[in-house]
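One structure is given below, encoded as structure tokens.
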Number of protein chains: 2
Amino acid sequence: MIRGNMHVTGEAPDPGQGNCRKISPVLARLGDKWSVLIVMQLGNGPRRFNEIRRMVDGISQRMLTLTLRGLERDGMVTRTVYPTIPPRVDYELTPLGRSLREPVQALGTWAMANLDKIEMAQREFDSRKA
Amino acid sequence: MIRGNMHVTGEAPDPGQGNCRKISPVLARLGDKWSVLIVMQLGNGPRRFNEIRRMVDGISQRMLTLTLRGLERDGMVTRTVYPTIPPRVDYELTPLGRSLREPVQALGTWAMANLDKIEMAQREFDSRKA
DNA sequence: CCGCATCCAGAATGATACTG
DNA sequence: CAGTATCATTCTGGATGCGG
């Protein structure tokens, strides 16, 4: 999305603007409501559809299906169908999906460490408007 | 608006998933269409409204305003108004906003390193459906 | 059990015009 | 220059019912 220069002081290993624009879709996927939560849950091993559904509280069947499809399309998750009765479908992280956990957890760590600051800033901001 | 659709309901502080769920709003912010790009642009120092607008190609005036307000509310950026004529408003990262750049860049690095894998997986997935 | 299809309400975003 | 206001459009996510 960025056509201008993306000079980030110092350590940024920026190979070019083209790549910067390309990472937007990736961030969009990670930023959606459920993807990261699902990836994190799958970090412990393969899970069935309804197992994931129970682990990720509040997700609807529809969104679980859609999100898993998206992750599968991106090569983050494999989908294995066992044609048994009743049917069974396992979802498991690919190596790519597993490699994602590290930077995501770094972000999670940051979020946990700074959550109170953020919430405090929000409260202060909101009260300033009153 | 930008500030999420999360935690509207008073959810029980669940010990197991509680931690994971708390970071969702943070990830939701990073995943929105513009926040990360703006934070990255501000990494080089304070910028004026229209400077940012030019650097982030494709953003509308409206979304730039909204996103900057959200970042300000979260304590990521400061907004400084100079009551000159014509008016001038500078946006600058706070220490909190600057500290966010590190984990975000880790994610960006991961994204760039794996972009080809993702795109290949997408093409393969799409062709399998045809 | 898995999950697709459909419908629908509301949110997010964009385009455009206007203001101090 | 830096917004605000309004309208139109697109997108998201939940609910429900059906089908393998």
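Below, chain A is the first sequence line, B the second, and so on; all start at residue 1. Note: hydrogens, waters and symmetry copies are ignored here, and every other heavy atom, side chains too, is used.
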Are [X] and [Y] close enough that some pair of their side-chain heavy atoms sits under 4.5 Å apart?
{"X": "B/Val77", "Y": "B/Ile38", "answer": "no"}
{"X": "A/Leu42", "Y": "A/Ile52", "answer": "yes"}
{"X": "B/Met55", "Y": "B/Arg47", "answer": "yes"}
{"X": "B/Gln122", "Y": "A/Asp74", "answer": "yes"}
{"X": "A/Leu96", "Y": "B/Trp110", "answer": "yes"}
{"X": "A/Ile59", "Y": "A/Val56", "answer": "yes"}

How many whole angstroms separate atom [atom1] of [X] from atom [atom2] of [N]?
{"X": "B/Leu66", "N": "D/dT4", "atom1": "CG", "atom2": "P", "answer": "9 Å"}
{"X": "B/Ile85", "N": "C/dT19", "atom1": "CD1", "atom2": "P", "answer": "18 Å"}
{"X": "A/Asp90", "N": "C/dC2", "atom1": "CG", "atom2": "P", "answer": "9 Å"}

So if I take every side-chain heavy atom of [X] and compare against [options], which nucleotide ends up nearest?
{"X": "B/Met63", "options": "C/dT6, C/dG14, D/dA2", "result": "C/dG14"}
{"X": "A/Trp34", "options": "D/dG14, D/dA2, C/dC4", "result": "D/dG14"}
{"X": "A/Lys33", "options": "C/dG3, D/dG13, D/dA2", "result": "D/dG13"}
{"X": "A/Val89", "options": "D/dA15, D/dA2, C/dG3", "result": "C/dG3"}

ask   = Between the base of D/dT16 and the side chain of A/Arg62, is there a donor-acceptor distance below 3.5 Å?
value = no

query = What is the nucleic acid contact for A/Tyr82, judged by heavy atoms within less than 4.0 Å: base, sugar-phosphate only, or nothing?
reply = nothing

task = In plain terms, say whether B/Asp126 and A/Arg73 are close enough for a salt bridge, that is, a side-chain N and a carboxylate O under 4.0 Å apart.
result = yes

message = Taking 4.0 Å as the cut-off, does a side-chain nitrogen or oxygen of A/Arg48 come that near to OP1 or OP2 on C/dC2?
response = yes

inquiry  = If the cut-off is 4.0 Å, is A/Ser60 near the phosphate of D/dG14, judged by side-chain N/O to OP1 or OP2?
reply    = yes

ask   = Can you check side-chain hydrogen bond (donor to acceptor under 3.5 Å, both in side chains) on B/Arg79 and B/Tyr91, steps first, answer last?
value = CA-CA 5 Å; B/Arg79 178 172 181 270; B/Tyr91 293 90; 3.2 Å; yes

message = Just verifying a value: how many Å separate A/Thr80 OG1 and A/Asp90 CG, rounded to the nearest 0.5 Å?
response = 6.0 Å

Close residues, residues 68-80 of chain A, relative to DNA chain C [heavy-atom separation under 4.0 Å] = A/Arg69, A/Arg79

For nucleotides 17-20 of chain D, list the nitrogen or oxygen atoms of the protein found under 3.5 Å from its nitrogen or oxygen atoms, one pair per line.
none

inquiry  = Which is more 5' along DNA chain C, the nucleotide nearest A/Tyr91 or the one nearest B/Ile59? Just name the residue.
reply    = A/Tyr91

